[in-house]
**Student:** 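What follows is a single structure, and I will ask about it in a moment.
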Amino acid sequence: MRLSQFLMPTLRENPSEAQIVSHRLMLRAGMIRQSSAGIYTWLPLGFRVLKRIEQIVREEQDAAGCQEMLMPTIQPAELWRESGRYDDYGKEMLRIRDRHDREMLYGPTNEELITDIFRNAVRSYKELPKLLYHIQWKFRDEVRPRFGVMRGREFLMKDSYSFDIDAAAARRSYNKMFVAYLRTFARMGLKAIPMAAETGPIGGDLSHEFIILAETGESQVYCHRDLVEFDVLATEVDYEADLQPIVDKWTSLYAATDEKHDPAIFAQIPESDRVEARGIEVGHIFYFGTKYSAPMKATVTDAEGKDVVVHMGSYGIGVSRLVGAIIEASHDDAGIIWPDSVAPFDVALVNLRSGDAACDAAAGDLYTKLRNAGLEVLYDDRAESPGVKFATMDLIGLPWQLIVGPRGLKSGVVELKRRSTGAKEELTIDAALARLAAKG
RNA sequence: CGGAGUGUAGCUCAGCCUGGUAGAGCGCCAGCUUUGGGAGCUGGAUGUCGCAGGUUCAAAUCCUGCCACUCCGACCA
């Protein structure tokens, strides 16, 4: 993509409405624009990141045996009356009426809808387990939206639902999601730590919030250092094998949010292993038994020919929130530092002197060759001063900057800069190409 | 939902107290000079001063009502 053609309205100054760093940087980098309170337009740069995050989530869900589908944003009120939540949910649910005066709502979540699908489509225990998910926009009419996409009213969520014959089988589904979540966040360069969460009326220990550590996080969290240092991606996961040992490894060590923090227990951890940090919730997994399947009569026939109410769980990842969360976890004074896996482009190709014949030829050639190597390239071909270009590229935070200028070209070299470390290296054009092509 | 605040150019903001021709910096456009970390000079364009009433000869400015947005708190992917 040529930057001269790309819609990326960057801002030099911090917009007054933005308070936290991810919100400021997303506005300044031209990723989003606010439409109304808690509702945003995703401009091309932001949309690219959203799509890449979504894709990682999708790949890991698929790997865990979860099947993608797509449910509507608008739901009928009747289903929510069946579960009893239509009246319980309160003002956070956006209620609307269609032209026939039928009560509808913009879905804040999808337990009712998926349960309805399930009960009409699945009859036998032999079809279990079923793990289903979709990635769809949600609307929750928050009293006070804030922090940009970190707490919007409209947000993109991946929500999965599991259906099993009994509690033991449901735990296996839960464990699959537990492990899939660890991998999902790790692939985005995040340290996500599962922390025990409120389980509601069902009780038990089957609910975890996945919290990433970020200096500017909203809540205070406490955990054992080993949790931060586990290498999640080191081994492949066999989702058909028993995952309990992996879950146990994570849940046996201390990890708590401020609300659940017990200083006495925390104090028993050796001081060098105690981590106190700020955290952002990016995922939440939950086993809730028959809470929806019982009132909505989602049953299957078991081996004895009896109807059995299925056991369910739901599993959410805030996809749009992750965009902000990743920035909170990865930025510096100059701007965003995208992890390679979610960057909107792989390489920033900077022509320091557009209009100069040698620079234009060299940069144009690199632009073609980098794309042919399978890389997504943002080519800054604007007639701006070098300082503006450097500042823009640091702001939008692409992992690599390949800088083509008249000074270097005289000796046949270009400069390759790694955004995350700031390390710069002068290379011949071919060497730079080879280096980057290896990343494609 | 309780408390506080803000709406003036694309962005950041001044002007309001004390009513009298709509402002600055950055950005944008044109030209020239520059060019390796947000360049310089010259010229130019850009506004229902959030909306609606009211007071007044005269309202961005004073009064009333409304709307939107932000912040703090209680609640949440």
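All heavy atoms count here, side chains included; hydrogens, waters and symmetry mates do not. Proteins come first, then strands; the chains are lettered A, B, ... in the order of their sequence lines, and each starts at number 1. Being a predicted model, the structure only gives us computed values, none of them experimental.
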**Student:** Within 45° of the six-membered ring axis of A:Trp400 and under 6.0 Å from that ring's centre, is NZ or CZ of A:Arg418 located there?
**Tutor:**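 The answer is yes, since A:Arg418 meets both limits relative to A:Trp400.
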**Student:** Figure out the CD1/P separation between A:Ile39 and B:A68, and round it to whole Å.
**Tutor:**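 In whole Å, B:A68 P lies 12 Å from A:Ile39 CD1.
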**Student:** Can you label the angle between the A:Tyr254 ring and the A:His261 ring as parallel, tilted or perpendicular, going by 30° and 60°?
**Tutor:**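 Judged by the thresholds at 30° and 60°, the geometry between A:Tyr254 and A:His261 is perpendicular.
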**Student:** Taking side-chain contact (heavy atoms from CB on, under 4.5 Å) as the test, write out the residues that go with A:Ala64, two or more places apart.
**Tutor:**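 Testing A:Ala64 for side-chain contact (heavy atoms from CB on, under 4.5 Å), a comparison that skips the adjacent residues, returns A:Met177, A:Ala180, A:Tyr239.
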**Student:** Are there more than 12 heavy atoms of other residues, nucleotides or ligands under 6.0 Å from atom CD of A:Gln244?
**Tutor:** yes
**Student:** Rounded to whole angstrom, note down the C1' distance from B:C63 over to B:C26.
**Tutor:**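 Going atom to atom, C1' in each nucleotide, I get 36 Å.
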**Student:** Give the B/S/- string for nucleotides 70-77 of chain B, one per nucleotide from 5' to 3', where a protein heavy atom under 4.0 Å of the base yields B, of only the sugar-phosphate yields S, and otherwise -.
**Tutor:** SBBBBBBB
**Student:** Considering only atom P, compute the distance from B:G54 to B:U61 and round it to an integer number of Å.
**Tutor:**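 Comparing P positions in B:G54 and B:U61 gives a spacing of 14 Å.
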**Student:** What integer number of Å spans the C1' atoms of B:U8 and B:A68?
**Tutor:**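 Going atom to atom, C1' in each nucleotide, I get 15 Å.
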**Student:** Could you tell me the Watson-Crick or G-U partner of B:C16, where both distances fall under 3.5 Å? Say none if there is no partner.
**Tutor:** none
**Student:** Under a 3.5 Å threshold, yes or no: a donor from one side chain and an acceptor from the other, between A:Gln55 and A:Arg52?
**Tutor:** no
**Student:** Apply ring-ring contact (aromatic ring centres under 6.0 Å, His included) to A:His331 and list each qualifying residue two or more places apart in sequence or on a separate chain.
**Tutor:**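 In terms of ring-ring contact (aromatic ring centres under 6.0 Å, His included), with neighbours along the sequence ignored, A:His331 is linked to no residue.
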**Student:** For the residue pair A:Arg321 and A:Phe155, would you count it as a cation-pi contact if the rule is NZ or CZ under 6.0 angstrom from the ring centre and within 45 degrees of the ring axis?
**Tutor:** no
**Student:** Given the C1' atoms of B:U64 and B:A59, what is the spacing between them in whole Å?
**Tutor:**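 One C1' to the other, the span is 15 Å.
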**Student:** Regarding A:Lys91, tell me which of base, sugar-phosphate or nothing describes its non-hydrogen contacts under 4.0 Å with the strands shown.
**Tutor:**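 Sugar-phosphate only.
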**Student:** How does protein reach along nucleotides 25-40 of chain B, written 5' to 3' as B (base within reach of a heavy atom under 4.0 Å), S (only sugar-phosphate), or - (no contact)?
**Tutor:** BSSS------BBBBS-
**Student:** Relative to A:Phe118, does A:Lys130 satisfy both conditions: NZ or CZ under 6.0 angstrom from the six-membered ring centre, and within 45 degrees of the ring's axis?
**Tutor:** no
**Student:** What is the base-pairing partner of B:U55, counting Watson-Crick and G-U wobble geometry with both distances under 3.5 Å?
**Tutor:**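 Base partner found: none.
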**Student:** Applying ring-ring contact (aromatic ring centres under 6.0 Å, His included), which residue pairs with at least one partner in residues 43-96 of chain A are found, sequence neighbours left out?
**Tutor:**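 Qualifying pairs, neighbours excluded: A:Trp80-A:Tyr89.
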**Student:** Assess whether side chain to side chain contact (heavy atoms under 4.5 Å, CB included) is satisfied between A:Thr392 and A:Met8, documenting all intermediate values.
**Tutor:** CA-CA 10 Å; A:Thr392 299; A:Met8 193 181 84; 3.7 Å; yes
**Student:** With both distances under 3.5 Å as the test, what is the Watson-Crick or G-U wobble partner of B:C1?
**Tutor:** B:G73
**Student:** In whole angstrom, give me the gap between the P atoms of B:A45 and B:G2.
**Tutor:**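 So the two P atoms sit 49 Å from each other.
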**Student:** On a whole-Å scale, what distance lies between the C1' atoms belonging to B:C41 and B:U34?
**Tutor:** 11 Å
**Student:** Collect all protein-nucleotide pairs involving nucleotides 45-50 of chain B in which both atoms are nitrogen or oxygen and the distance is under 3.5 Å.
**Tutor:**
none

**Student:** What's the gap between B:A9 and B:U48 when it is taken at their C1' atoms, as a whole Å value?
**Tutor:**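 Here B:A9 and B:U48 have their C1' atoms 13 Å from each other.
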**Student:** Please determine which of A:Lys51, A:Arg48, A:Arg371 meets the salt bridge (Lys or Arg N to Asp or Glu O under 4.0 Å) test together with A:Glu376.
**Tutor:** A:Arg48
**Student:** Please report the distance separating the P of B:U6 from the corresponding atom of B:G38, rounded so that it comes out in whole Å.
**Tutor:** 36 Å
**Student:** Look through every strand shown and name the nucleotide pairing with B:U42 as Watson-Crick or G-U wobble, where both distances are under 3.5 Å.
**Tutor:**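 Pairing partner: B:A30.
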**Student:** For B:G47, give its Watson-Crick or G-U wobble partner with both distances under 3.5 Å, or none.
**Tutor:** none
**Student:** Do we see a donor-acceptor contact under 3.5 Å between the side chains of A:Ser4 and A:Asp381?
**Tutor:**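 Yes, a side-chain donor-acceptor pair sits under 3.5 Å.
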**Student:** Please work out if A:Asn14 contacts a base, only the sugar-phosphate, or nothing of the nucleic acid, heavy-atom cut-off 4.0 Å.
**Tutor:** sugar-phosphate
